[in-house]
Novice: 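Can you keep this structure in mind? I'll have questions shortly.
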2 protein chains.
Amino acid sequence: MHSFTEENYLKTIYYLASRQTGEVSTNALAEMTATKAASVSDMLRKLADKQLIHYKKYQGVRLTEEGERVALQIIRRHRLWEVFLVEKLGFGWDAVHDIAEELEHIRSEELVTRLDTYLGCPQFDPHGDPIPTSAGQMPQTGYQKLSEINTGQRVQLMGVLEHSTEFLQHLDHLDLTLSCSVTVAESNAFDKSLLVQLESGRTVFVSHEVAKNLLVGESQ
Amino acid sequence: MHSFTEENYLKTIYYLASRQTGEVSTNALAEMTATKAASVSDMLRKLADKQLIHYKKYQGVRLTEEGERVALQIIRRHRLWEVFLVEKLGFGWDAVHDIAEELEHIRSEELVTRLDTYLGCPQFDPHGDPIPTSAGQMPQTGYQKLSEINTGQRVQLMGVLEHSTEFLQHLDHLDLTLSCSVTVAESNAFDKSLLVQLESGRTVFVSHEVAKNLLVGESQ
DNA sequence: ATAAAAATTTAGACTAGTCTAAATTTTTAG
DNA sequence: CTAAAAATTTAGACTAGTCTAAATTTTTAT
Ligand SMILES: [Mn+2]
Ligand SMILES: [Mn+2]
Ligand SMILES: [Mn+2]
Ligand SMILES: [Mn+2]
């Protein structure tokens with residue numbers, strides 16, 4: 001099948017493509033995978049040979065249908081394992097990503113099927129990210145960033161765009177957990193920071209940097 | 001830390017050493033790892049450089065204390081994952097070995113600790129193999145081979161020495177499951193085959209080849 | 001429109017792990 | 001004790017994935 005490395009490139013291409021329009025650049029991939037552009041170029045040629053990406057030299061890449069299928073399968077595994085680690089083993093949501101990065105490469109269709117069933121076919125991972133279906137579809141969510149919410153509106157915290165341990169621990173510190181309801185009490189015009197009221201009545205200060213990385217949906 | 005490949009060599013050295021006296025030979029390792037003797041020689045030099053094995057050229061190898069510690073850790077992970085796959089995900093005991101071969105290399109101390117707790121700190125894997133302790137001790141079991149049991153004796157099936165899918169499915173077919181009690185009804189002097197009586201009263205024919213690979217303990 | 005800057009690819013080299021073929025050491029048999 | 005056989009190691013080569021430095025292409029700015 002495909003090597004760990006190939007799987008990781010495909011996943012990264014999918015991720016970068018989902019956050020922009022047009023082709024994904026060599027440099028963006030190099031930064032994301034913590035390698036050099038020269039190494040990325042080599043790998044892109046290989047992935048193109050295997051028909052996993054569309055690639056014209058100097059023009060960036062995008063996934064083929066087959067490439068996207070593989071990418072979504074890896075993302076599905078990653079997110080299912082994250083659910084397992086949090087729901088069954090009791091890990092914190094800030095501690096599971098790196099372990100899932102390894103578990104996602106275990107090669108067994110049967111394992112994924114059984115794991116999914118065992119977990120009750122979850123729709124979202126511990127960070128609110130939707131879990132691709134076994135048929136290879138990425139469920140769409142209509143969430144907005146907290147930074148785009150008007151003052152006075154009440155919304156529910158549905159996901160995060162940043163997955164670093166530091167960021168997630170900061171949210172824990174602020175008592176901002178997934179699915180909690182919050183009201184935007186004040187918006188500071190100068191630095192775009194927010195004052196946000198929790199259900200408990202307590203208000204917390206949320207910087208623009210943080211608000212940009214929080215996904216929210218209609219309350220209730 | 002150590003690469004997958006290094007971990008697999010250490011595990012294999014441990015396995016071969018446990019089934020013989022004296023040093024493990026290059027050829028034995030080559031056969032077991034399905035590589036060539038030349039490749040094994042290269043790797044042995046590397047493992048010796050890392051102080052994981054005692055190695056004198058042409059004289060075979062044995063694990064150092066550190067090498068054994070690493071080997072036991074991998075075996076512990078392998079067996080805990082096998083318990084998970086059978087007990088939690090509902091896999092058959094004949095289907096878990098290959099998946100565990102991959103899962104055993106996931107690098108997280110915390111993961112193993114939590115998995116162990118989650119599984120209720122099991123002492124044995126689905127094949128009756130003892131699970132090394134977190135302190136790095138391999139529990140000793142005083143089992144005998146079914147092929148060494150005298151006619152008329154009643155014993156309990158405690159483990160298997162052969163882990164192939166084919167062998168395990170054959171046992172399923174014979175209704176020989178772990179912890180079932182059996183009585184040796186007849187022993188055939190010519191081919192050493194046995195007639196064995198199950199608790200149900202039914203008798204099954206067990207070839208010497210099969211009996212050699214079944215571990216039994218005192219009944220009850 | 002062109003020159004400088006930025007992005008990308010190519011060239012050549014390195015490591016881990018593997019192989020075949022050849023050389024060396026140990027073991028076995030006579 | 002010696003010669004053949006068996007086991008093991010060494011030599012040289014290959015692949016996947018990576019790197020640095022150099023070459024090439026594209027983009028940007030005057
Ligand atoms: Mn993750
Ligand atoms: Mn996640
Ligand atoms: Mn096994
Ligand atoms: Mn086992």
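Chain letters run A, B, ... following the sequence lines, proteins first and then strands; every chain starts at 1.
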Novice: Given C:dT18, is OP1 or OP2 found less than 4.0 Å from the side-chain N or O atoms of B:Ser39?
Specialist: no

Novice: Counting only side-chain N and O atoms of A:Lys46, is one of them less than 4.0 Å from OP1 or OP2 of D:dG17?
Specialist: yes

Novice: Please tell me if A:Thr26 has a side-chain N or O lying less than 4.0 Å from either OP1 or OP2 of C:dT9.
Specialist: yes

Novice: Test salt bridge (charged side-chain N to carboxylate O under 4.0 Å, His left out) on B:Arg77 and B:Glu101 and set out the steps.
Specialist: CA-CA 9 Å; B:Arg77 293 182 196 164; B:Glu101 284 292 306; over 6 Å; no

Novice: Could you check whether B:Thr5 gets within reach of a base, just the sugar-phosphate, or nothing at all, counting any heavy atom under 4.0 Å?
Specialist: sugar-phosphate

Novice: According to a strict under-4.0 Å criterion, is A:Thr35 in side-chain N/O contact with OP1 or OP2 of D:dG17?
Specialist: no

Novice: Does A:Lys57 place a side-chain N or O at less than 4.0 Å from the phosphate oxygens OP1/OP2 of D:dT26?
Specialist: no

Novice: OP1 or OP2 of C:dT18 versus the side-chain N and O atoms of B:Tyr9: is any pair under 4.0 Å?
Specialist: yes

Novice: So, is A:Ser3 close to the D:dA16 phosphate, meaning a side-chain N or O under 4.0 Å from OP1 or OP2?
Specialist: no

Novice: Quick one: does B:Glu162's side chain have a donor or acceptor within less than 3.5 Å of a partner on B:Ser164's backbone?
Specialist: yes

Novice: What's A:Tyr55 touching, base or sugar-phosphate or nothing? Going by heavy atoms closer than 4.0 Å.
Specialist: sugar-phosphate

Novice: Distance only, no hydrogens: is a donor on one side chain within 3.5 Å (strictly under) of an acceptor on the other, for B:His105 and B:Glu7?
Specialist: yes

Novice: Taking only side-chain N and O atoms of B:Asn27, does any of them lie within less than 4.0 angstrom of OP1 or OP2 on D:dT8?
Specialist: yes

